[in-house]
Amino acid sequence: MNRKIILTLIFIIILAIAGVLYFYFFQTPTGATQSAPGFFKSIFPFGSNAAPSTNNPDSPLLIGDTQTNNNIQKQLPRLRHYTTVPTAGDIITEKDKDVIQDRVKTTIKETSIRYIDRATGHIYDVPTNVEDPIKISNTTIPKIYEATFTPGGDSLITRFLDASDNIITYAITLKDKKPVVATTSVKISTTTATVVQTADTSTRFKDVTGTYLARNIREIAMSPNGKKILDLTYGTDNGILAILDSAYKSRTILASPLQEWLLSLPTETKAVITTKPSGITYGYSYIVNTDTGVMSKLIGNILGLTVLPSYDLSTLLVGEASATLKLSVLNNKDSSLNDLSVKTLPEKCVWANTTIDTVYCAVPKTIQSAVYPDDWYKGRLFFNDSLWKINLKTGETNLISNLSQESGQAIDAITLEVSPTDKYLTFINKRDLTLWGIDLTK
């Protein structure tokens, strides 16, 4: 065959093969779905509109109210429902965290909530810009009624009942630990209760150590730095107030013929004790010097009296309750007492950390006829609250949230906590004891 003809046929065959490959790899029939790129495009991705890899370690870390999980963003609401099961207590922490932002390493303050599950005693952490909590302790302490964290969240006081209905107070310390190889359960038995700690190979679980305090402590209060505890126990015919130091060594400061007291320890050297309230009984409140045991009267002869002292004891929120609620502010320097426009209980409020004379309060929208605070304490009725910011010096009030409208359910807020920089607030809904939080910067 003529050499020229042979070359021409070879050229035609090459063109035919190229045409077949082009239509196979680069053309998509009308109505068909484009699948994975062709072989040639995978090697030469010119003009590609593909998104950058989500596994790129240099991708900027998203900060604020979005969650970063493989760089998939999810908008988180201002008011968040953190748990669907009862919570015994929580603390808000703010810690420095190194992040990459716009490809530059920087340090931010990460706000996190640490809380303890009421049924199991398991402890969880959840940053406020992340959706899912992380379990940091799987030590089981069943049926905790109350838990109080130290400011940094590295230790806490838990309270529960044993099989004989004795009140057990168990002080817990949380520390980072090395991986544990064993996977069997270890039972730690005591004469008062049983705590079960399950070993785990993961370092994310904290090492949990604990100390049992005296049985049947009726009330406790923690100092601002968490290094002292004020407790109340019953003697034969009196109430005994004692101070425990950081090693839990007890020192009695007062023995009173009265046994029923509510306690607070706003400073390292001064406690506030208030007779347990009832709408049919006049109440009294005193300052007790924890070094000398000397008592001085703050306020008294008020029905259903409860108080919330400021951190420096210069001011007190004063609650009066009988057929309705009344909230006042007491200036401890001149003993002046001024009524506030809102009606709520002091135990539904918290003092701001950075602003003088400012409180955040959960305020009932309506107050039905009842004996207060008795019926509310006993769970015979619940409130439906809004959250307010109140300047006690000027009397200015600002609505932060209509909680029921924003959440879609009725909320009776108790045990309010505010972050060190007043940017975040948490509370427990008394109706179901679940944990909530709200961003105060929005």
Side-chain angles (χ1 to χ4, degrees), residues 89 91 146-157 159 169 171 173 211 213-214 217-235 238-276 283-300 305-319 329-337 346-347 349-359 392 415-418 420:
I91 188 71
E146 175 186 310
T148 305
F149 284 85
T150 56
D154 293 328
S155 59
L156 63 154
I157 305 295
R159 312 220 327 131
T169 304
T173 300
T211 302
L213 307 184
I217 294 176
R218 300 292 171 168
E219 300 286 338
I220 66 166
M222 188 178 291
S223 67
N225 63 12
K227 294 183 179 180
K228 292 182 180 179
I229 297 171
L230 177 69
D231 72 24
L232 170 70
T233 55
Y234 290 170
N238 58 8
I240 300 172
L241 284 175
I243 283 285
L244 280 70
D245 59 21
S246 57
Y248 306 117
K249 183 178 180 180
S250 180
R251 174 175 58 87
T252 299
I253 61 172
L254 179 69
S256 167
L258 296 179
Q259 294 183 326
E260 301 293 332
W261 296 101
L262 296 179
L263 312 180
S264 62
L265 192 55
T267 77
E268 300 302 315
T269 59
K270 291 183 179 179
V272 175
I273 62 173
T274 307
T275 52
K276 286 191 174 181
Y284 297 83
S285 187
Y286 301 87
I287 292 178
V288 179
N289 187 305
T290 58
D291 291 331
T292 64
V294 174
M295 293 176 61
S296 57
K297 184 180 174 182
L298 271 173
I299 193 170
L305 173 68
T306 55
V307 302
L308 181 68
S310 63
Y311 300 122
D312 62 356
L313 257 179
S314 63
T315 313
L316 283 89
L317 281 183
V318 177
V329 56
L330 174 68
N331 187 320
N332 198 26
K333 296 178 181 178
D334 59 14
S335 299
S336 60
L337 184 65
E347 51 264 55
C349 299
V350 63
W351 289 90
N353 286 310
T354 61
T355 308
I356 299 175
D357 296 325
T358 298
V359 293
L392 301 179
T415 63
L416 279 65
E417 296 277 349
V418 68

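Numbers for residues simply follow the sequence, beginning at 1.
- In this structure the side chain of Arg218 never reaches within 4.5 angstrom of the side chain of Asp231, judged on heavy atoms.
- Closest approach of Gly89 and Phe149 over heavy atoms only: O-CE1, 3.6 Å.
- In this structure, Thr150 contributes its side chain and Ser155 its backbone to a donor-acceptor pair below 3.5 Å.
- Applying the salt bridge (Lys or Arg N to Asp or Glu O under 4.0 Å) test to every pair with at least one member in residues 244-257, sequence neighbours left out, gives no pairs at all.
- Scanning for side chain to side chain contact (heavy atoms under 4.5 Å, CB included) contacts around Thr354 gives Asp422, with sequence neighbours left out.
- Considering only heavy atoms from C-beta on, Leu263 stays 4.5 Å or farther from Ile220 through its side chain.
- Ser256 meets the side chain to side chain donor-acceptor pair (under 3.5 Å) test with no other residue; sequence neighbours excluded.
- Side chain of Ser223 to main chain of Lys228: a donor-acceptor pair is present (N/O by atom type, distance under 3.5 Å, no hydrogens or angles).
- Between Val307 and Val272 there is a side-chain heavy-atom pair separated by less than 4.5 Å.
- In terms of the salt bridge (Lys or Arg N to Asp or Glu O under 4.0 Å) criterion, residue partners of Asp154 (sequence neighbours excluded) are, by chain and number, Arg114.
- Between the side chain of Thr290 and the backbone N or O of Thr269, at least one donor-acceptor pair lies under 3.5 Å.
- Considering every non-hydrogen atom in both Asn353 and Pro420, the closest pair reads CB-O, 3.4 Å.
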Q: Check the pair Leu316 / Ile299 against side-chain contact (heavy atoms from CB on, under 4.5 Å), numbers first and verdict last.
A: CA-CA 10 Å; Leu316 283 89; Ile299 193 170; 5.7 Å; no
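- Smallest separation of non-hydrogen atoms from Leu317 and Cys349: CD1-CB, 3.8 Å.
- One N or O on the side chain of Trp351 and one on the backbone of Leu308 form a donor-acceptor pair closer than 3.5 Å.
- For the pair Val288 and Val294, the minimum side-chain heavy-atom distance is 4.5 Å or more.
- By the side chain to side chain donor-acceptor pair (under 3.5 Å) test, Thr173 is found to be paired with no residue, residues two or more places apart in sequence or in another chain being considered.
- Under the rule for a side chain to side chain donor-acceptor pair (under 3.5 Å), Tyr284 has no partner lying at least two apart in sequence or in another chain.
- Inter-residue side-chain proximity for Leu298 and Tyr286 is flagged as unmet; no heavy-atom pair is nearer than 4.5 Å.
- In this structure, the separation between CG on Leu330 and OG on Ser336 is 7.0 Å, given to the nearest 0.5 Å.
- Rounded to the nearest 0.5 Å, atoms CG (Leu156) and OG1 (Thr148) are 8.5 Å apart.
- Put simply, the side chain of Leu262 does not reach to within 4.5 Å of the side chain of Ile273, judged on heavy atoms.
- Note that CE of Met222 is 13.0 Å distant from NZ of Lys227, once rounded to the nearest 0.5 Å.
- For Ile240, the side chain to side chain contact (heavy atoms under 4.5 Å, CB included) partners two or more places apart in sequence, or in a different chain, are Thr233, Asn238, Thr252.
- Residues Tyr311 and Ala352 share a closest heavy-atom pair of CE1-O, 3.6 Å.
- Checked against side chain to side chain contact (heavy atoms under 4.5 Å, CB included), Ser335 has no partners two or more places apart in sequence or in another chain.
- By the side chain to side chain donor-acceptor pair (under 3.5 Å) test, Asn332 pairs with no residue at all, sequence neighbours left out.
- Remark: Gln259 engages Tyr234 in a side chain to side chain contact (heavy atoms under 4.5 Å, CB included) (not counting sequence neighbours).
- Annotation: side chain of Asn331 is not in contact with side chain of Thr315 (no heavy-atom distance under 4.5 Å).
- Residues passing the salt bridge (Lys or Arg N to Asp or Glu O under 4.0 Å) test with Glu219, sequence neighbours excluded: Lys276.
- Remark: the backbone N or O of Lys270 is paired with a side-chain donor or acceptor of Thr267 at under 3.5 angstrom.
- Side chains of Ile287 and Leu313 form a contact here, defined as non-hydrogen atoms less than 4.5 Å apart.
- In this structure, Pro224 and Pro266 approach most closely via the heavy-atom pair CG-O, 2.9 Å.
- Ile356 CD1 to Leu392 CG: the interatomic distance, rounded to the nearest 0.5 Å, is 12.0 Å.
- Considering all non-hydrogen atoms of both residues, Ser314 and Asp312 come closest at OG-OD1, 2.8 Å.
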